[in-house]
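Read through the structure below, which is laid out as structure tokens, and then see the notes.
Residues take their numbers from the sequence shown, with the count starting at 1. Side-chain atoms are counted along with the backbone in the values below, which use heavy atoms only and exclude waters and symmetry mates. Every value quoted in this text rests on a predicted model; they were computed, and no experiment measured them.
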Amino acid sequence: MFRDLHVVGTKSSSTYQPTLASTFSPWSLIEGIQEAMRPPLRDILTGFEGVIRPGEMLLVLGKPGAGCSTLLKVLANHRSEYHAINGEVNYDSISPEHIREHFRGDVQYCSEDDVHFPTLTVEQTIKFAAKTRSPCNRLMTNRDELVQLETDIFTTVLGLIHAKSTLVGDALIHGISGGEKKRVSIAEVLAGRSCVNAWDNSTRGLDSSTALELLRAFRVATDILKTTTIVTLYQAGESLYNQFDKVCLLYEGRMAYFGPADQARQYFIDLGYEPAHRQTTSDFLISVTDPNARLPRSDILSIPRNAAEFAEHFQKSRFSQVNKRDIQSYEDTFVGKPDRAAAYMNSAQSEHSRGARKESPYITSIAMQTRAVMLRRVQLMWGNKLETFMNMFGSVVQSAIIGTVFLKMADSTDTFFPRGSVLFCAVLLTSFASLAEIPALFSQRPVVSKHEKAALYHPFVEALAMTLVDIPITLVLTILYGVILYYMTGMQRTTARIELVNDFRFSTYYVIVFVSAVSMKNFFRATSAAVRSQSTALSIAGLTLVVVTLYSGYIVPKPSMVRGLKWIGHINPISYAFEALMANEFHTLKGMCTEVVPQGPGYDDVSLENKVCTVVGALPGQPFVDGSRFLSLVYEFSYSHVWRNFGIVLAFGTVFFISLLAFTEVNTATFSLASPVLFKRGGKWPARSHRLDEEAQTPAHGDSAAAPFDAGDREKAPLSTDIFSWKNLNYMIPVPGEAEKRLLDDISGYVAPGKLTALMGESGAGKTTLLNVLAQRADFGVVTGSMFVNGQVLPDGFQSQTGYCQQLDIHVPTTTVREALLFSAKLRRPQSVTLAENETYVERCIKLCGLEDYADAMVGTLNTEFRKRTTIAVELAAKPKLLLFLDEPTTGLDSQSAWAIVSFLRTLADHGQAVLCTIHQPSAELFQVFDRLLLLRKGGQTVYFGDVGHNATTVLSYFERNGGKRCLPDENPAEYILDIIGAGANATSKLDWYNVWRESSESLQLLNQIESIHDLGRQRPPSKTSFYSEFATSWGNQLKILIERDARSYWRDPTYLMAKLSLNAMGGLFVGLTFFRSEDTQQGTQDKVFAIFIATIISVALSTQIQIPFLAVRTIYEIRERKSRIYSWTALITSQILIEIPWNILGSTIFFCCWYWTVGFSTSRAGYSYLMVGILWPLHYSTIGQAVAAMCPNPQISSLLFATIYLAFIVTFDGVLQPFRRLGWWKWMYHVSPYTYLIEGFIGQAVGHQTIQCSPIEFVLINPPPNTTCSSYLTPFLSYSDGYLTNPNATEGCQFCGISSTDKLLKDHWNINYDNRWRNVGIMVWFVVFDIICIYAFTYLFRIHKTRRRGRLSSSTTSKTNK
């Protein structure tokens, strides 16, 4: 029951699309502050009241934007996205607050959008919902049996048995059809066993027969179970409408009617409006709220004209009084009865499983939820086996490479630094493996949010299950990684043989690496859960990577850390793990000296007491260096801290884990994709004021939807006499483990100019499949049969001469409607057409499609109807010469919008355009608009092809005289024919209409017509394209237009650009401050080397950021633009490369300015340094990131593969972690690592040709023989060494610095030569060129060549395509 319901929402004070400039604008900041302090409000619903009793079904009708979805959400108690909800809402004696806190799963809302995990099967998806809502008090003793029974029932009732083992899929993963996906969404909600169900356009994508079956199932369930069902439908036929008890009509957020469904039609007739001929009741009710669609009665003068007047008239009507009495009766009987609330509470609590909190809305315990989500997590991993394999493969490859690079290190002092490198890699690489998970974590948020609202499980359970499932996987990966790395490198062990359990050293090493890996995984997951933007998460992750690496104690030892930033090391879990690993390794290590001083001629007979190792920690007279002393002096590490640090890392991991659970529970639940309609700055706003529905935040365009088109503003489609035909078309696809599956079975037909042909059939009949095959868009499987234009082979430019409007409206979201149309026109019309002509024609298309008010609106913010209109307009802008294909152009639209779209198609056909479109649930009015009908049944078999006839008499006559029942006068012909052929999830037909068709005279007549078309067509010259290349315009023009589009898209995505630029700025400052004014000592010189080395690590996050827009644009190209032959894939790749370059150079310039002088590099050498770091470095990391993305199917695989390639193949071999002289067999990789030349070029120029002054700790103390001064003892040695003495007259404790020149230090330790600086520039340029070549090559091999058709359909050939 609801009374005086008033819903208030927020609206954006700015309806402009944000840009990078607006981000820095002070006015934008002021607007943001004002909006936060005083958010602008608007009324969404006003004055609603009514009652829906158990066992009743309510139909909610209204134009898009009238508030239908808002009403459903509020009644389903989904209130979080609204500013305020005033009025009274009661569920029996239970308040909305108690519903939310205790019974959330009993009141459910099923969204119009189908949100699922694409790599789960249909059965797994439904079974999961049934399992998490399975009651404790059940007839069956076995919960699993009940879950399986429910799953079988839902798949049977909803006609999903054949698809139980099929992946749900999405736009990129092949799965079930759109109608089947909608049924999966319905099954999910039904599995929740809720008492109140709100279904938001849940018949979208279903044929009329299947939709009727679904509504009948709702009717039966409502009657038997005494549930309450609230449904909003678009294009509801009379048979659907008759299933409802009550109807509620919304008019711009006001209640125009609430009462009995069977009396609503007469109410509005009496009010002063009349229905059109054969107009369904639902269409009539919606039409009275549309000023351009309603038909006023001429005999009634005073009629309501606006929403307020309609609401006022209803309040004075008898239906309102009946409604008020019904509300009062319900309130007196059911509301405010504590005993009823207590009884319901007891009943609900009896369903709770043991261990579940009785007051919780979740009926299963946390443990049961966790088990169910863990199983789903395993299923997701199995469904995405490639990513799982890549993860394991990457760990093995990384460990094998590092293990062979540092193979069998001896117990000597020259392996001290390499040992640190190995342990640093061990803890770092395993800890940062979860960086690749960030895209996947964001992609699953909508699913988790939906399940939380349905009370399937706590959002934090998703994080808990992910962690628990990941622990054994991490255990295995770290064992693989650890064993290979540890024993190949020759680390310290306590057993002579490889015994993992008994080897105490290895066991200590392993548990520390494992705990640090799990801890850091939790950290990155918690970070992703805490923020809303994927770009922000990647920026934070990239900065964290830099911070954790810098302050681990390896790159910058504790004594060398800047005092003001030393605290960072204390909050860095990796620093504790690294100290524990180093102490565990060096505790008993006695490194034999590999270099002592003095040495050489004259010092062979000198005793060991007068020599010393050059390694820090060496003592005079000792041939070795104690590992513990070395750690203490250089790193301030202690063996006594090993297990203390283990506990600290474990504590960090626990804190991160708790944070992950908390952020996931809070942030996922409030995640929303709602946004207002946004316009280009300086663009035209709508002239009229439209209401916005809160959840869609998009305009209601009833006025423009039905607005008549002025023929004078239309440019006629080019008159064509070409006829497209096909004959004996078959299509088979391979099914793993089974024989080929036939989707199309011997289909013949044709589409003539000036004719509007409908392609109909039940869900899964092959309508979209046939459309794809005819449009030459089937990219796998085997197609046989023939297709012709005028009886001749298809012309070369067939795809470019046809338009194809896909079911999915896929566009660049930050492009305006006008820009999208102009983009299509400029690339798909001959280049000889001037820009002015294109612009003029685009404006006509905009007006023709009713998009004038929203020509400057961002396509990504439009509602379903106007995105569909934009899709059609984009195809019209190309002026298709032969044919226009449309896949379900009216799906998801209300009846008035659907009528506007079909009327528009009728207009195109009348002007000579050949149109073939699939259509679902057409009303009788819509159906009669079509000239011809191709009707399919399941299996892709033809059951009718021919004329529709006036008032559908021709097609009805065919079915009636071949054994079908008579079509009643008030029956919808479209529903009738689908019902006759047995369409629907579970419907059957006594007659085999496929055989009836094959044996009919109409079938023979069709074949004769096709032959006649062919005979006449072959007497004419072949149809030719208006241009003779593959594309309409030149490659250069394609590139120019693509760059313009990409530049606008980037400029209008300030989140991405700010994430990129801020990461460079913060990373540069952080690295610069960490190595603040590094001195000219040995450690200072090493710090400068590491300053550039850390910069290369930042490029991991920067490259991962680049891959996201690269793959997003490629997805749009592959799904829509490639198949239309709009532009060349090489032009696309070139534009994506070029558009990133200036932004990445800008980012690197910011990095350079924040970093270079802060570290202390010389200003006189800044020019060359900027060339390397400010220009060549960003060119390389952007192109190599795109090269890796080019061979990957999605961002998850791309980020994982890039991390593997980067860390294993590039960083390892640049000579920093392992000096060149010790690389052994891998020295060749040193020469092919681009960062070898980046680091050598930069450091050689910036640091070379300078002197070194040793710090006190870097001096080694040498005791000369008795009665000998330091000078006399060491003068011969100093003559051929690079060192120097500070106390030449001393007789003991000679302070000797082994290095005085940076050139020698750089050459000996890192193989860096100052003289190679310009050679390195040339090599870096070559690497950039090589990366670019790889982008093109990988795109061709993995994306273009893989899906390119290997044959060609013609009148006598069979085409085979391989996936």
Side-chain angles (χ1 to χ4, degrees), residues 1-2 50-61 68 71-78 89-92 94 99 103-112 126 129-130 133 135 150 153-154 156-159 182-183 185-204 206 208-233 236-249 258-264 281-282 323 326-327 329-330 333-334 340 344 347-348 351 454-455 984-986:
M1 185 203 79
F2 53 98
V51 61
I52 316 155
R53 295 175 181 269
E56 289 185 342
M57 291 179 63
L58 170 69
L59 175 62
V60 178
L61 296 175
C68 297
L71 179 61
L72 260 65
K73 287 183 178 181
V74 172
L75 296 183
N77 211 38
H78 286 202
V89 179
N90 287 287
Y91 305 86
D92 202 277
I94 304 174
I99 289 289
F103 313 109
R104 191 188 314 142
D106 293 341
V107 181
Q108 289 206 32
Y109 168 79
C110 183
S111 172
E112 183 177 359
I126 299 174
R133 293 292 298 175
E150 289 181 344
I153 291 174
F154 294 138
T156 301
V157 171
L158 297 173
K182 174 59 66 179
R183 283 178 265 166
S185 299
I186 293 169
E188 258 193 325
V189 176
L190 293 176
R193 302 178 306 103
S194 52
C195 302
V196 177
N197 289 316
W199 306 93
D200 194 352
N201 197 18
S202 289
T203 60
R204 174 183 174 183
L206 303 180
S208 55
S209 296
T210 305
L212 180 58
E213 283 187 2
L214 177 64
L215 264 295
R216 285 172 176 167
F218 287 173
R219 179 76 268 175
V220 171
T222 303
D223 292 339
I224 295 176
L225 302 177
K226 294 301 178 183
T227 59
T228 301
T229 303
I230 310 168
V231 182
T232 179
L233 295 178
E238 204 65 30
S239 56
L240 299 181
Y241 182 86
N242 292 335
Q243 303 298 318
F244 293 91
D245 304 293
K246 296 179 178 179
V247 64
C248 179
L249 179 64
F258 186 97
D262 56 358
Q263 300 180 47
T281 302
S282 64
N323 185 36
D326 194 18
I327 293 173
S329 172
Y330 182 88
T333 307
F334 299 106
R340 292 187 62 85
Y344 186 83
S347 174
E351 293 189 346
N986 300 290

| field | Stepwise salt bridge (Lys or Arg N to Asp or Glu O under 4.0 Å) check, Asp262 with Lys246 | value | CA-CA 8 Å; Asp262 56 358; Lys246 296 179 178 179; over 6 Å; no
Do [X] and [Y] have side chains that get closer than 4.5 Å, going by heavy atoms?
X: Val189; Y: Asn197; value: yes
X: Ile52; Y: Met57; value: no
X: Phe258; Y: Leu249; value: no

| said: Check for me whether the distance between the ring centres of Trp199 and Tyr109 falls short of 6.0 Å. | reply: no
| Measuring from Cys68:SG to Glu112:CD, what's the distance to the nearest 0.5 Å? | 10.5 Å
| With no hydrogens and no angle check, is any side-chain donor or acceptor of Arg219 less than 3.5 Å from a backbone partner on Gln243? | yes
| message | For Ala455, is there any backbone N or O sitting under 3.5 Å from a side-chain donor or acceptor partner on Arg104? | response | no
| remark: side chain to side chain contact (heavy atoms under 4.5 Å, CB included) with Thr232: of Asp200, Leu71, Thr203, Leu58, only one passes, and it is Asp200
| said: I'd like to know if the side chain of Tyr344 pairs up with that of Asp106 as donor and acceptor (distance under 3.5 Å, no hydrogens or angles considered). | reply: yes
| message | If we count only N and O atoms by modelled type, under 3.5 Å, do the side chains of Thr281 and Glu238 hold a donor and an acceptor together? | response | yes
| Between Phe103 and Tyr91, does a ring-ring contact (aromatic ring centres under 6.0 Å, His included) hold up when you go through it step by step? | CA-CA 11 Å; Phe103 313 109; Tyr91 305 86; over 10 Å; no
| message | Using the rule given for salt bridge (Lys or Arg N to Asp or Glu O under 4.0 Å), can you reason through Arg53 versus Asp92, listing the C-alpha separation, both sets of side-chain angles and the distance that settles it, and then say yes or no? | response | CA-CA 9 Å; Arg53 295 175 181 269; Asp92 202 277; over 6 Å; no
| task | List the steps and the verdict of salt bridge (Lys or Arg N to Asp or Glu O under 4.0 Å) for Arg193 and Glu351. | result | CA-CA 11 Å; Arg193 302 178 306 103; Glu351 293 189 346; 3.2 Å; yes
